[in-house]
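Start at 1 and go down the list; that is how both ligands and their atoms are numbered. Sequential numbering from 1 along the given sequence is applied to the chain's residues.
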Amino acid sequence: MLEPMKQMSTISLDGRSLAALLQEEERHYLSHLLNAHQLPKPKLCVILIGDLAASLTYVNTKKVACEKVGIEAEILHLEGQCSQKQVIETLQKLNKDPLVHGILVQLPLPPGMDTATILDTIDPLKDVDGLHCMNAGRLVLGDTRAMIPCTPKGIVRMLQHYKIETTGKHVAIIGRSSIVGRPLSILMSHQAWKGNSTVSLLHSKSENIQEMTQQADIVVAAAGRQKMVNSSYIKPGAVVIDVGIHRLADGSLCGDVDTASLQGIAAAFSPVPGGVGPMTVAMVVENVLTAWARHYKAREPK
Ligand code: GUN
């Protein structure tokens, strides 16, 4: 008689618990250094332009996370109608302020503002989002002085924590944004960042997306399309990372992945909420601590 096929057990990659663990480590790291040395407290300034509800929530989450660790965090809220010149002048002031160690401009910017010009105004040493062209260049070159964008860094940290092998593996990333997909493709493929994967960077013009993802050991959904990725996109045993976040009509949240369809097929997936989101925030905190430590030539976190 044939044995019934055993279903794979699918685990959830708990970003919330991992971020809480990292937050504890970050808090310890900072209190230890502040006790041992006469140093000013780290400070992050977040620039928020306009009133996008999601951006307002994100910047408040980052502020609270910083404060829990002992970092001072200030939100500079500019009107949506402010000029690009005002934003640039604000950044230039923050660049000069020796007691501001991290600067972050929440994206997206209002229409009419040039994102690259604004991001490149930030002092690259204070650029905790890693989006200044110098940090982007260093990331590509494998220069460890790069500030690494927080969501890709959080994804890599999550894979490492769960001991998910990336060396020699095929990683398919859906979405080529400058903030997630593209930097992640570099981290995952580079030897310097210990990714060592073969990466397919898929996007809206890619042909046969499903054929590509079906061959991948790790699939990262960062397309901004709700529940786009389902079991027909993945091979049995694959790991699926969900970067999307969408609010449904009933008020609940979902990601770019239809996670229910992966049960028994995927080896693991990151849930929404509680997966990549908290990891991104933990990496913002880590990057502020890194910028602060480098400023005072102190020991860096991680
Ligand atoms: N908007 C959405 N995600 C991010 C992020 O990681 N950093 C910034 N600055 N803006 C965002």
Cluster check Leu76, Val100: I/L/V/M/F/W/Y, side chain < 4.5 angstrom: yes
Count the heavy atoms belonging to other residues, nucleotides or ligands that lie under 6.0 Å from CZ of Arg225, then report whether that count exceeds 12. no
Heteroatom proximity flag, Leu131 to ligand 1, N/O under 3.5 Å: no
Quick one: closest heavy-atom pair of Ser178 and Leu131, and the distance? O-CD2, 3.9 Å
Report yes if some N/O of Gln106 lies less than 3.5 Å from some N/O of ligand 1; otherwise report no. yes
Is there a path from Met279 to Ile148 through hydrophobic residues (I, L, V, M, F, W, Y) whose side chains come within less than 4.5 Å of each other? yes
For ligand 1, which atoms have a heavy atom of Val105 less than 4.0 angstrom away? 8 (C), 9 (N)
Under 4.0 Å, heavy-atom basis, I'd like to know which part of Ile179 is in contact with ligand 1: side chain, backbone, both or neither. side chain
Val105 with Val284, same ILVMFWY side-chain cluster at under 4.5 Å: no
Short N or O distance, Asp129 and ligand 1, threshold 3.5 Å exclusive: yes
Walk me through whether His101 and Tyr296 qualify under ring pair (Phe, Tyr, Trp, His ring centres under 6.0 Å). CA-CA 10 Å; His101 310 95; Tyr296 297 110; 5.4 Å; yes
Taking only heavy atoms of Leu104 into account, list the atoms of ligand 1 that are under 4.0 Å away from them. 9 (N)
Is the contact between Met283 and ligand 1 made by the side chain, the backbone, both, or neither, using heavy atoms and a 4.0 Å cut-off? neither
Given Ile245, Thr115, Leu107, identify the one with the heavy atom nearest to atom 10 (N) of ligand 1. Leu107
